[in-house]
Amino acid sequence: MQLTLWTYEGPPHVGAMRIATAMKNVHYVLHAPQGDTYADLMFTMIERRDRRPPVTYTTFQARDLGSDTAELFKRSVVEAHDRHRPDLMIVGASCTAELIQDDPGGLAAGLDLPIPVVPLELPAYQKKENWGAAETFYQIVRALTKRPHQVAASDERRQDRRPRCNLLGPTALGFRHRDDVVEITRLVATLGIDINVIAPLDASPADIARLCDADFNIVLYPEIAMNAATYLKRTFGQPMTKTVPIGVGATMDFIDELGALAGIDTTEARATLGSRLPWYSRSVDSTYLTGKRVFIFGDASHVVAAARVAAKELGFTVAGLGTYSREFAREVRAAAESYGVEALITDDYLAVEERVQELQPELVLGTQMERHIAKRLGIPCAVISAPVHVQDFPARYSPQMGFEGANVLFDTWVHPLMMGLEEHLLAMFRTDFEFQDGAAPSHLGPGRVDATSAAVAAEPPLPAAANSTAETLEGPVAPKWADDAETELRKIPFFVRGKARRNTERFATDRGVTTISIETLYDAKAHYSR
Amino acid sequence: MTVVPRTSALSHANASGTGCADRPVIVEHGQREVFCGLTSIIWLHRKIQDAFFLVVGSRTCAHLIQSAAGVMIFAEPRFATAIIDERDLAGLADVNEELDRVVAQLLSRRPDIRMLFLVGSCPSEVIKLDLPRAAQRLSRTHAPAVKILSYSGSGIETTFTQGEDACLTALVNELPQETDAAIPSLLVVGSLAEVVEDQLNRLFASLGTFDVAFLPPRKAEALPAVGPNTRFLLAQPFLTDTARALTERGGRHLPASFPLGARGTTDWLHAAAQAFDVPDAHFRDVTRAGEERAKRALEPHRFRLAGKSVFFFPDSQLEIPLARFLSEELGMVPLEVGSPYLNRRIMAAEIDRLPASVQLSEGQDVDRQLDRCKAAKPDLVVCGLGLANPLEAQGLTTKWSIELLFAPTQGYDQAGDLAALFSRPFERRARLEVPGCN
Ligand code: SF4
């Protein structure tokens with residue numbers, strides 16, 4: 001049993017819903033109680049889909065238990081088939097139905113529907129959303145693709161046509177999947193490679209059956225597509241890409257990979273294509289980005305990619321990184337090691353909060369959850385990964401992948417820092433009557449400060465004071481701040497003030513200093529300067 | 001504007017009881033598109049400020065509350081989920097010991113908690129985890145600092161607002177017994193926004209000198225007493241079990257309509273006034289100003305809404321009182337009014353006042369109901385979050401119903417706000433000039 005305040009991932013059947021909802025002509029019958037229908041709203045409200053997810057819930061109640069939940073399930077399958085006439089049915093159980101063991105797969109098979117039915121076993125008490133999505137996609141691919149002997153040897157087919165690939169992984173409710181697909185499709189076309197099928201997003205069961213017609217697979221989102229791609233490799237000998245094309249360097253590597261897989265020359269593409277990121281990053285205006293300490297958290301692929309961009313393309317220092325994707329812990333640990341930090345592998349929101357507080361980074365790249373942590377601690381933040389929020393479906397084109405994606409990363413990561421600098425410059429003029437230190441940094445949440453609370457808010461939230469629960473300072477009593485030292489501390493930009501306060505207090509405590517003076521502050525600064 | 005004498009409202013309030021026996025009701029047992037009772041935690045935890053709600057359930061339960069709450073991440077919420085995992089199910093860990101451990105962990109993090117609710121879910125019920133027993137055991141361990149109670153919010157037992165009903169029922173068992181010398185007092189039952197409680201308190205104070213208390217209280221430590229001298233008014237229509245439990249404790253239910261709109265509020269207050277022998281003339285003096293203000297606030301919305309038809313999907317059990325309000329006070333035409341559960345006794349005063357043409361439905365078969373809705377072509381559909389955008393995409397105008405629970409809507413001074421929730425979708429349609437939007 002685990003105490004959970006917020007979850008990064010939903011249950012595995014929500015992953016299955018993301019696949020079913022992404023696809024065309026698929027219907028999912030889910031053996032589940034009524035409350036589980038909440039999942040619909042994520043698709044209709046967060047992603048603003050104009051259609052209900054293609055899911056029928058049996059919504060059994062207590063009075064059905066033990067008597068006829070199996071009958072109810074069968075009736076639901078038949079009715080759903082009659083009403084929706086899908087080309088493929090997937091069936092399964094949510095957490096509660098798993099406990100009553102009605103065997104949805106067996107029951108549905110007994111109905112002899114005239115369409116393929118894919119049963120799902122998604123252990124709800126062990127696994128989570130991404131695992132469920134990957135498993136569902138894999139099961140559908142396995143069930144619908146032809147058998148290997150039905151496929152002609154690929155070498156013959158390759159003779160007089162352009163190379164051809166599948167794009168695997170984009171789902172409903174995916175973080176920027178909609179735009180990544182557009183960006184990568186364009187890039188692939190520019191290289192002279194055709195796209196055979198994009199799946200699961202907008203793919204029909206008939207499209208899935210054609211997956212084997214491609215020469216190789218692009219795995220856009222390993223969390224979702226790795227299992228299916230591995231199966232396709234094993235079964236049809238289709239190789240797959242390994243690079244997730246987020247960032248300029250990764251996109252270049254991706255192009256090289258495509259070149260090798262498709263047997264084409266990419267020299268020209270490499271020379272002509274590109275992003276504004278490299279120049280923007282080299283321009284002197286970006287000097288102040290140097291060595292900014294960044295904490296990165298999210299799903300494994302986005303975190304590994306973000307760390308590379310942060311370190312190599314923006315010149316940040318990776319102060320810490322981690323993921324909630326336990327399935328990819330190995331990859332994330334390896335990446336962390338290369339930046340000389342220890343990976344945080346957890347789905348416990350409180351552990352992440354604690355780490356951020358400990359590290360006092362100058363920028364957080366995380367999920368919507370880390371955005372809230374960062375907001376509370378007064379640290380700038382950009383969102384790089386699911387779980388998604390309505391803001392992660394912007395009206396504008398906003399991919400993370402490819403060259404345009406790199407432009408988007410530059411803007412969205414640097415913007416909060418620039419704003420931070422601007423706020424600091426403003427604060428330097430705070431004695432001017434137009435400016436008021438009480439105004440909270442406008443980019444870090446509601447900037448409204450009414451007159452009575454201005455005094456309290458004058459100091460933007462400081463970690464030690466801001467969080468009353470997660471952190472209890474044990475051991476020796478925290479040293480006091482002399483008034484002039486406190487005033488001096490305020491002259492430090494707010495986005496590093498938390499770190500300065502903390503370092504100084506630690507420095508003072510270590511030396512048995514009970515009152516922090518201006519001298520202590522600068523002694524500590526010298527001590528910690530690297 | 002002429003002032004309409006408010007006679008009909010009073011006479012109607014007394015004519016309840018015959019109700020919907022003769023009305024045809026569509027009863028369906030198909031797919032229900034409604035939340036489970038866990039969802040009530042979203043407003044209950046904000047209402048009882050020193051209580052914590054610990055769901056004992058699955059990742060689905062945790063995800064439900066998080067998704068239904070929007071991504072409203074507060075500093076630290078006063079709810080959480082103890083997620084059951086395979087070790088608990090496989091018997092590798094003793095579930096009760098695990099629960100004790102999690103509760104201890106939680107309480108050490110949150111020393112400010114005075115009352116902890118263990119909230120049962122479908123999984124905890126299917127594995128027959130005895131939460132009432134666990135609550136007793138844990139109460140002994142953590143007494144006197146924390147009182148530990150339990151109730152079920154599971155989707156196999158409860159629908160959406162029934163979670164509040166179950167929670168308040170658990171609270172009723174904890175209420176102190178009133179003293180023998182107690183004078184008759186009024187208990188207002190059902191979560192209300194603080195601003196509404198304060199307004200109602202002022203009205204009750206002007207009506208007479210009886211004591212008024214609210215359930216749930218703002219502080220878990222301030223539980224009101226109950227006994228044979230307690231008269232209670234339901235402020236929410238979904239409190240069937242709470243009403244029963246209060247009756248068992250000796251309380252007397254004052255049947256009334258619900259305090260939505262000008263007339264709804266007057267009738268509701270009048271039920272209390274009668275129970276405490278407030279002279280009618282005095283009652284009118286006290287309520288006149290508020291009622292007139294409410295009517296003035298409704299007038300502009302009436303202009304927009306009169307004659308428009310409305311279709312309710314089942315959601316919170318507020319559908320019938322809302323349909324009454326919309327038809328009686330704003331001139332709207334309810335077509336179908338769905339309710340997840342129809343308590344004919346509690347709803348009697350409301351159902352009586354619905355036009356005869358209204359089709360009531362209980363339970364749900366969402367696909368069939370969507371068919372009926374499309375055929376009926378209502379001007380406005382009141383529905384849950386899962387259905388709203390898909391219906392909008394088909395050209396219908398919708399109002400999502402969960403807001404009707406979160407926003408303060410009861411009492412005279414919220415009547416206009418309540419009406420605005422229904423007229424805003426029309427106003428928005430009228431303003432927008434974007435292609436594809438009719
Ligand atoms: S319906 Fe049951 S399993 Fe689903 S969220 Fe509600 S309590 Fe949990």
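Here is how names work: the chains are called A, B, and so on, in the same order as the sequence lines, proteins then strands, and each is numbered from 1.
If you check the side chains of A/Thr44 and A/Arg52, you find no donor sitting under 3.5 Å from an acceptor. Looking at B/Ser152 and B/Glu125, their side chains do bring a donor and an acceptor atom within 3.5 Å of each other. In this model, no donor atom of one side chain and acceptor atom of the other lie less than 3.5 Å apart for B/His29 and B/Asp365. Between the side chains of B/Ser339 and B/Gln317, no donor-acceptor pair is found at a separation under 3.5 Å. Looking at B/Thr240 and B/Asn343, their side chains do bring a donor and an acceptor atom within 3.5 Å of each other. Side-chain polar atoms of A/Asp36 and A/Ser94 form a donor-acceptor pair below 3.5 angstrom. A donor-acceptor contact under 3.5 angstrom links the side chains of A/Glu370 and A/Thr367, judged on distance only. For the residue pair B/Glu28 and B/Gln364, no side-chain donor N or O sits within less than 3.5 Å of a side-chain acceptor on the partner. There is a side-chain donor-acceptor pair under 3.5 Å between A/Asp102 and A/Thr69. Side chains of A/Gln368 and A/Asp392: a donor-acceptor N/O pair is present below 3.5 angstrom, by distance only. Looking only at atom types and distance, the side chain of B/Trp43 has a donor-acceptor partner in the side chain of B/Glu164 under 3.5 Å away.
For chain B, no part of A/Leu72 is nearby; none of its heavy atoms comes within less than 4.5 Å. When heavy atoms are compared at a cutoff of 4.5 Å, A/Met45 approaches chain B by way of both its backbone and its side chain. At a 4.5 Å heavy-atom cutoff, B/Arg87 makes no contact with chain A through either its backbone or its side chain. For a residue to count as touching a neighbouring chain, one of its non-hydrogen atoms must lie under 4.5 Å from one of that chain's; by this rule A/Arg49 touches chain B with the backbone only. Contacts between B/Arg368 and chain A at a heavy-atom distance below 4.5 Å involve backbone atoms as well as side-chain atoms. For A/Val14, the part lying near chain B is the side chain, with the backbone staying farther off; criterion is any non-hydrogen pair under 4.5 Å. Contacts between B/Val55 and chain A at a heavy-atom distance below 4.5 Å are absent for every atom of the residue. With a 4.5 angstrom heavy-atom cutoff, A/Glu98 does not touch chain B via any of its atoms. For a residue to count as touching a neighbouring chain, one of its non-hydrogen atoms must lie under 4.5 Å from one of that chain's; by this rule B/Leu99 touches chain A with backbone and side chain alike. Looking at A/Arg51, the atoms closer than 4.5 Å to chain B (heavy atoms on both sides) all sit in the backbone: N, CA, C or O. Using a 4.5 Å cut-off between heavy atoms, A/Thr56 contacts chain B through both its backbone and its side chain. With a 4.5 Å cut-off on non-hydrogen atoms, B/Asp94 does not touch chain A at all. Proximity to chain A (any heavy atom under 4.5 Å) is restricted, for B/Leu370, to the side chain, taken from C-beta onward.
When each of A/Glu79, A/His13, A/Gln61 is scored by its heavy-atom pairs under 4.5 Å with chain B, the top score falls to A/Gln61. Most heavy-atom pairs under 4.5 Å with chain A: of the set B/Ser121, B/Ala82, B/Ala388, this distinction falls to B/Ala82. In terms of heavy-atom pairs under 4.5 Å with chain A, the best-connected choice from B/Cys36, B/Ala393, B/Ala93, B/Pro123 is B/Pro123. Interface remark: of the candidates A/Asp40, A/Thr7, A/Asp64, A/Thr7 forms the most heavy-atom pairs closer than 4.5 Å to chain B. Interface remark: of the candidates B/Leu391, B/Asp88, B/Leu64, B/Val126, B/Leu64 forms the most heavy-atom pairs closer than 4.5 Å to chain A. Taking B/Gly30, B/Gly37, B/Gly155 one by one and counting their heavy-atom pairs under 4.5 Å with chain A, the maximum is reached by B/Gly155. Chosen from A/Pro33, A/Ser76, A/Pro387, A/Ala62, the residue pairing most often with chain B at heavy-atom distances under 4.5 Å is A/Ala62. With respect to chain A, the highest number of heavy-atom pairs below 4.5 Å among B/Asp112, B/Ile127, B/Val102 belongs to B/Val102. Between chain A and the options B/Leu89, B/Asp367, B/Val56, the largest number of non-hydrogen pairs under 4.5 Å is found for B/Asp367. The choice from A/Arg83, A/Gln2, A/Gln126 that makes the most heavy-atom pairs within less than 4.5 Å of chain B is A/Arg83.
Residue B/Gln105 qualifies as enclosed at atom CD: its count of foreign heavy atoms under 6.0 Å is above 12.
Proximity of a side-chain donor or acceptor of A/Glu47 to a complementary backbone N or O of A/Leu173 within less than 3.5 Å is detected.
Nearest heavy-atom pair across B/Phe52 and B/Arg110 is CE1-NH1, 4.2 Å.
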